[in-house]
Number of protein chains: 2
Amino acid sequence: MTVAQVDQFDRKIMALLQNDGRLTNNDLSDRVNLSPSQCSRRRQRLEEEGFIRGYRAVLDRDRLGFSLVNVISVTLATHNRDNAQRFADLLSRLPEVQEAHALTGEMDYILKVVTPDLKSLSEFVNGVLLPHESVQHVKTAIVLETLKETGSLPL
Amino acid sequence: MTVAQVDQFDRKIMALLQNDGRLTNNDLSDRVNLSPSQCSRRRQRLEEEGFIRGYRAVLDRDRLGFSLVNVISVTLATHNRDNAQRFADLLSRLPEVQEAHALTGEMDYILKVVTPDLKSLSEFVNGVLLPHESVQHVKTAIVLETLKETGSLPL
DNA sequence: ACTGAAACTTCTGACGT
DNA sequence: ACGTCAGAAGTTTCAGT
C-alpha cells in the first residue's frame, strides 16, 4: 500500500526531481530511458498520489537577510492535549519557525528558527515564545555553522 | 551588496516560488502585476545572482518508507580543526543525514536523520556514527510528531 | 505499457514605448 | 525598465503498436 506502487523508473524520476525540480520531461527522458510522454504521465501520477508533495524554490538565507539560525528547545507548561494544541496554533502563526518537532526525552519540542539578527531573535524568544501561556521554559542555541541542509531522501 | 538589489517585485516572485517552484511566468505575471517576459527576466537574474539557489521536489517521507525522523546531538572527541574536518567529511558521505548544524552551548552538533525503522537507526548510530574516530558521544531523540517543516523564509 | 506525432501552453529574445 | 509579439521549446493527449 505504500512503497510497492512505485517502481525503479518512478524512484529515478523522484530522485532527479529532488535535485532539480525544474527538470523538463525531455531532460528526464534522457536520463531515465523513457519517452518524454511517459515521464510526464508518471510525474502526474506521482503528484496526484501524493508521493511528490510539491515543488519549492530554495532561496539564499544569508543574501536575503536571515543570517541567524537558531535551535530552540521548548518545555510546555502542562502536558495535556489542550495545551499542546495551543502551542501548535502558536507555531503555525510564526513564520520564522521553519521546523517544529515533538521529541522523546527531556525536551518536549525542538524548533528551528531563522531571524535577521540577535535583536529579532531576542524579540522572538522573550517577546513571543516565553510569554505564551502554553510555554514553561525555552533553551536557545545559536547555529555557528550549517554543514549540511538538504530535504533529499536517500532513495 | 545584499538586500538592496532586490525590489518588491523580486521579493514577491521569490515568495511565490517558495510555495510553488513550478509556477510559470504566466502564473507569476498574473499575481505580481508584471508581464510574463519581465517575470522571466527577473527570475533569471535572481537565479544567476544566487538569490534563488535551485528548485526541489518535496517528497512524502512516510509513503517512501522513511517513517523515522531523529534528532541526534553529537559531542566530538577533541575540539581541534582536524577532527572537525573529519566529522564534516563523514557527514557528507551519509545520505540519511538531512541537516547538520554546529551549535553554541553544551552540544557540539545537532543532526536531523531519517531512517526507515528503528533497526536502521540503531545501525546508523551504533554502527556508523559512534565508532567514528571523531565522535565521543551521541544522544538520540526520536521525533514523535512534526508540527511544521518548511524551508520557506518569512519574506 | 510504451512510443511518436500533433495540439496546446509556456518561454524568451527582438523590438517599440 | 517595461510590454508586445512571434519563433522556439516544452508539455500533454491520443492513436498505434
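It should be emphasised that the depicted structure is a prediction, and the values quoted were computed from it without experimental measurement. Throughout, protein chains are lettered first and strands after them, A, B, ... in sequence-line order, and every chain is numbered starting at 1. Values below: all heavy atoms of this structure, side chains included; hydrogens, waters and symmetry mates excluded.
dG10(D) atom P lies 6 Å from atom CG of N26(A), rounded to whole Å. Going from atom CG of L28(A) over to atom C1' of dT12(D) covers 14 Å, rounded to whole Å. For the pair Q8(A) CD and dA1(C) P, the interatomic distance rounds to 16 Å; values are reported in whole Å. The CZ atom of R22(B) sits 12 Å away from the P atom of dG10(D) (whole-angstrom rounding). Between Q44(A) atom CD and dA1(C) atom C1' there is a gap of 16 Å when expressed in whole angstrom units. In this structure, the CG atom of D7(B) is 11 Å from the C1' atom of dA1(D), given to the nearest Å. Rounded to an integer number of Å, the gap from R45(A) CZ to dT13(D) C1' is 18 Å. Taking atom CZ on F9(A) and atom P on dA1(C), their separation rounds to 12 Å, with Å as the unit.
Considering only side-chain N and O atoms, R41(A) lies nowhere under 4.0 angstrom from the phosphate OP1 or OP2 of dA1(C). For dT12(D), one of the phosphate oxygens OP1 or OP2 lies less than 4.0 angstrom from a side-chain nitrogen or oxygen of N25(A). When the side-chain nitrogen and oxygen atoms of T24(A) are compared with OP1 and OP2 of dT11(D), one or more of them lie within a distance under 4.0 Å.
Among dC11(C), dC2(D), dT3(C), the nucleotide with an atom closest to any side-chain atom of Q38(A) is dT3(C).
Side-chain atoms of S120(B) and D117(B) include a donor-acceptor pair closer than 3.5 Å.
Place S35(A) and L23(B) on DNA chain C by their nearest nucleotides, and S35(A) ends up nearer the 5' end.
Side-chain atoms of S37(B) and base atoms of dT4(D) include a donor and an acceptor less than 3.5 Å apart.
Here the side chains of V74(A) and I72(A) are in contact, with some heavy-atom distance below 4.5 Å. Side-chain contact between L64(A) and M14(B) is present, with heavy atoms from C-beta onward closer than 4.5 Å.
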Please tabulate, one pair per line, all N/O donor-acceptor pairs under 3.5 Å involving side-chain atoms of residues 28-35 of chain B, not counting sequence neighbours.
residue : atom : partner : partner atom : Å
S29(B)  : OG   : L34(B)  : O            : 3.1
S35(B)  : OG   : S37(B)  : OG           : 3.2
S35(B)  : OG   : Q38(B)  : N            : 3.3

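Note on R42(A): only backbone sugar-phosphate atoms sit closer than 4.0 angstrom, heavy atoms only; bases stay farther off.
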Problem set entry | Residues N80(A), T78(A); criterion side-chain hydrogen bond (donor to acceptor under 3.5 Å, both in side chains); working and verdict | CA-CA 6 Å; N80(A) 56 53; T78(A) 61; 3.2 Å; yes
